[in-house]
Amino acid sequence: MREFAFVRPTNVEQAVELVTGDPDAAYLAGGTTLVDLMKDGVLRPRRVVDIARLPLREVIRTDHAVTVGALTTMEELAAEPVLAERAPVLREALLAGASTQLRNMATIGGNLLQRARCRYFRDPSVRACNKRSPGSGCAAVDESARMHAILGAGESCIALHASDLAVALVALDAVVHLQGTTGTRRVPLTEFYRVPGSTPERENVLEHGQLITAVEIPLPAAGTASGYLKIRDRASYEFALVSAAAVLEIRDGVIHDARMGLGGVGTIPWRAPTAESLLRGARPGTGVFRAAAASAIRDTFTVPGTAFKVALARRTIERALSTVSGGTP
Amino acid sequence: MSFEPPLVRTAVQVNGFERKLEADARLTLLDALRDVIGLTGTKKGCDQGACGACTVLLEGRRVLSCLTLAAQCDGRQVTTIEALAGDDLHPLQAAFIRRDAFQCGFCTSGQIMSAVALLDEGRAGSDDEIREFMSGNLCRCGAYPNIVAAIRDVAGGRNHDA
Amino acid sequence: MTPEPRVIGLGLDRVDGPAKVTGAATYTMDVAVAGLLHAALVRSTFAIGTITSIETAQAAAAPGVVAVFTHHNAPRMKKPSWNLITPPPPVPLQDASVHHYGQYIAMVVAETPQQATAAAALIRVEHKAATASLSLDAPALKARSNPYFLDAKRGDVESALAAADITVDATFSTKANAHNPLGLFSTVAYWEGGRLVVHDSTQNPYLIRDSLAKVFSVSKDKVQVLVPYVGGAFGAGLRLWQHVILTAMAARAVGRPVKTVLTRPQMFTGIGHRPATIQRMRIGALRDGTITAIDHEATSTAAKVANVLYPVTLSTPATYRCDNVRGRDRQVRLDIPSPAHMRGPGEAEGNFALETALDEVAYAIGMDPIDLRMRNYAKVHPQTGLAWSSKALDECYRQGAERFGWADRTPRPRSMRDGHWLVGYGMAGVTYGHFQAKCHASLTVRDDGTVLVRSGATDIGQGTYTVITQVAADGLGLDPANVRFELGDTDLPRAPQAGGSGLATALSNAVRDATVNAIAALLSLASADHASPLHGCSARDVVVAGGRIHRKDDASRSETYGAILTRNGRSELTVQGSSAPSRAETGVLLGSLAVSRMGRAGRRLVEATHAIAPAGAFAAHFVEVRVDPLLGRLRVKRMVSAVDAGQVLNEKLARSQIVGGIVGGIGQALFEEITTDEGSGRVSNATLADYLVPVNADVPDIDVVFVGEPDSDNAVGVKGIGEIGLVGVAAAIGNAVHHATGKRLRSLPFTITELMD
Ligand SMILES: Cc1cc2nc3c(=O)[nH]c(=O)nc-3n(C[C@H](O)[C@H](O)[C@H](O)COP(=O)(O)OP(=O)(O)OC[C@H]3O[C@@H](n4cnc5c(N)ncnc54)[C@H](O)[C@@H]3O)c2cc1C
Ligand code: FES
Ligand code: FES
């Protein structure tokens, strides 16, 4: 790890100014991504700005939404009673991620901004990584990639966005609250991330120094069923090979509203709008679930190690849909 | 090489005692405990947040000390394995011995600290629940079934008392 | 006098338990000495070639840095002695050549670990890489046949295969695995005058001592290796590794103590790994279940830098009664870090092929897998025809099957189901080789009635501290609380490595011998003493119990050890004990080879010169799995293992050993695989988040039962069980997967891709 100065600002404005004014500064929340990558020599800030104690830890509930301070930890949010009742998908996604120790440290804001787990990105001794050093190429495409993306991916980058939480949040149409030196802004999470294209180093719309202050999570209408299915080799403590967040509002035997988020497959937390429109208005059943699954996993970019994800993702979606629809009262 | 950041002053409550550090900002809580404060009961199995050997309690919650900077802990309470036993072993420590819940013993401090938190979290309701919520602590010697048994013993005892 | 219950076998708590649960046990990485410096190692990022330049000025000038070593300035050192089982690494930093990815090419020593690591990142290396051979399928590779001269055969395999009613001919593959003990391997070294003290994470302290003495040209008694606790090793600690040499080198060069703690990624390249194999197994059988031919051929990966004895087919000829058997090993030398023995080396891989193929035979002829194994049961050691020193594998099958509920199994694949999940039962048997080496111990009886036993063995978690305490207490009729056992120090009597499932046998017999010698020595004091109730007694006339020596003819006449010592004006008495493998050990190995070369004549020769074949442990594993065929998920639901371990020394700890081995086997079967990049040989999953080992949620309840009798080949009756728990698990799981799904998986680890319908 390179040497750095450690500072702890006392308010949000001060924090934002500190980081905005210094290209070598970085926010430190739970540290589970930042400290890890600093040890690996991938992130090399000269100034680390500890924001963990800023007053961004409130969870505000209304009838229609929960607004979560960005520094709320994953465990704290998972314990919110309203989730179990109104958005089990979110609670399940939170608890399916990492381990309790990590969830006690990791913050909601940090989770959304966690960096790729790609071992080529994470090892500076590997020369070719467009995300780490733009223009250098992508070693993962040529080597043994398994935990990588098949959607939104291309020759320039196949790094996966590995967050479970973000998959549930895109499905729930969460909105991110940002604060910069020039003011505040709200960005729907579905518009927050950027697929790599030719600039894999740009992962989202955040400008340097902008702070995530909160995440606003609209709560599905009462009677909506939801769930998160995460497929991995181990039974626990592993990133997803594939995951699916399904939110279904079924009225009188017809799917009134459907929202799907996919994990383990996308360079960004993946929303599946075509699948959703197929589902809307249909009666729940194997046929429509299968069609939805097929339409969600299309235009894939695979390497030999990730080819299996195409079928696995479709089946995971199908299973998630049938489980969630079976769970409707 | 002109960049020489100032040392960071940190005061941490470790097992009830205040420890003042004036240290390199890079110092993790784990290295502070082991190399500076001299409490080597907390172990380093990966230094990458992947094994759980470094688990300690921070403000009563289990965290990984290898991914926590010492500087982040200013004014905070840290509890390590060294603080558990008084005149007698902590019930979990005794249960770990009785159930032979370790072999090499390297993961044990982390397992026990994690289990202390697990009981507080109320997540020892069934064997499957224990297994899931203890999965952040690897044991390469494979003592898992005995770890589950030890925790079950103590959790069962608690439920009886309650 | 009522005989006391034996202390041997009792499931006592670990004597090192309190130290381990309170964090007080000091592992190598915990060692702190005054003036300690910290080292960080730089590794090559290519497989093979030459370093053309290495720029260290920036690192040397970085804060806190005391020294930087590269091949330009590292002291010249001598080569350690070569040996077949645990060959040494090349001496590091002696020239510009690189032989594998991850080879150490520089070392930074600094005041703090953070400074050392940061400075190491500043070193710039330029190199010229050559084309490396990295895997079994690398083009233009020549496999070497019979590399260990252990290939064995009997009968005529080809004719028997041709005449068989059915044949199975299948190819199996197993991947490279990493030991990944949870404790990062560490070394602390310092020189005091001309003496070198080394704390090291090792299973083999005497090898480290002897090798370092050679490397640094000092006599062996000038090197002391200390290792009271090891954070796991699983075979990775059987060898001398380069970081150990470097740490001692640096400590000498800078004149201060130096500590090196490997990083987790370095653990994947610096301390060995289980090599990959490709195996072909051909089995011929008659419709009635008689196996008429077994032909096992295995090719495994080896390193150019060190040639480790690594037979994969060794146990196959010793496993079933079958007239025509051939076991052939082949080896491919690659530009990779050295493989090393890892829990059940070769056995775990070879057994997977054999016991899976046997399941295929069972299905081909429609016979129950246990019946098939019983039909071909080897009542005598099948290669030599000698009687086993003990064998209760039949009991393993019987009791294991009963506890498991094997009878409930409906043999047809895909015939059992639970919701989304297909249910499968599978089993496998294990015949493990015997190993024992020379061992010494000392035993001191004190006038306060306590006993101190000492031997330079290591306890890497297998429970040596505890079981040896029990053996000594048992031999002397003492409460184990009065016995203390010290180990992990090369200044103590010499013990063999904790490996090859051989330490418990060697050490328990050495300590047993020491207890016999102690009683004899005490008795000779008492016997000559008119004031002693034991006056005139010889060893034949007495028994020990309750900390006293009693006359057999009159148990009321007895004396404590302390009283004997005190009356003779002594505060303590020290005796030595030792053990050595019986002649039968080498007999069987040579006998097997004699039969291979000379056929019947060889067999007659063995029978004329030997009586028994010393047996290792035997086991049968039973597994229930669940497979979700759409999503490819596989879960081990429950396991029963029946083990013939001879005399169990501590029921509780022995069970833990087996369970631990099984968990390793679950890892081998379901998850473990080192992946490397083409070209550079870089390990692309060198962290514990990427290289998966089982977590708590992957491991079900495991029922272990011990069967059988004390072994007749050693006085205590012990058989080693450090490895047998792991061996056979992969085949049992694979067989259960076949039962669940109808799919025959012949490649480890089993992956979601293969499991998906
Ligand atoms: C072994 C391991 C296993 C894991 N498994 C999973 C898993 O299964 N599923 C999963 O979803 N995640 C998993 N994670 C990832 C983990 O959830 C993330 O590391 C964590 O959520 C990041 O949050 P943090 O608060 O620690 O972020 P930090 O590390 O503090 O910050 C992450 C990044 O975001 C920036 N940042 C942080 N907060 C803000 C903010 N409010 N505004 C602007 N920028 C900010 C930081 O500068 C940094 O660049 C795992 C991590 C590890 C180490
Ligand atoms: S050392 Fe912290 S998780 Fe492994
Ligand atoms: S006891 Fe060795 S790692 Fe758990």
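These numbers come from the heavy atoms of this one structure, side chains and all, not from hydrogens, waters or symmetry mates. Just so it is clear, the structure is predicted and the values come from calculations on it, not from any experiment. Residue numbers begin at 1 in each chain, while the letters A, B, ... track the order of the sequences.
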Side chain, backbone, both or neither: which part of [X] has a non-hydrogen atom closer than 4.5 Å to chain C?
| X | result |
| --- | --- |
| B/D35 | side chain |
| B/L89 | side chain |
| B/K44 | both |
| B/N137 | neither |
| B/I112 | side chain |
| B/Q48 | side chain |
| B/I147 | side chain |

Euclidean distance, [Y] [atom2] relative to [X] [atom1], rounded to 0.5 Å:
| X | Y | atom1 | atom2 | result |
| --- | --- | --- | --- | --- |
| C/T112 | B/L27 | OG1 | CG | 8.5 Å |
| B/R26 | C/Q115 | CZ | CD | 6.5 Å |
| B/C46 | C/M267 | SG | CE | 11.0 Å |
| C/T22 | B/I81 | OG1 | CD1 | 7.5 Å |
| B/Q111 | C/L182 | CD | CG | 8.5 Å |

Where on [X] is there a heavy atom nearer than 4.5 Å to chain B: the side chain, the backbone, both, or neither?
| X | value |
| --- | --- |
| C/Q657 | both |
| C/P694 | both |
| C/P113 | side chain |
| C/A25 | backbone |

Can C/R14 and B/D100 be counted as an ion pair, charged N to O under 4.0 angstrom?
yes
With a 4.0 Å cut-off, would you call B/R34 and C/D30 a salt bridge?
yes
Does a side-chain heavy-atom distance below 4.5 Å link B/N146 with C/S656?
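Of all side-chain heavy-atom pairs linking C/S656 with B/N146, at least one is under 4.5 Å.
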Does C/K652 have more than 12 heavy atoms from other residues, nucleotides or ligands lying within 6.0 Å of its NZ?
yes
Check ring-ring contact (aromatic ring centres under 6.0 Å, His included) between C/Y27 and all other residues, then give those that pass, not counting sequence neighbours.
B/F106, C/Y229
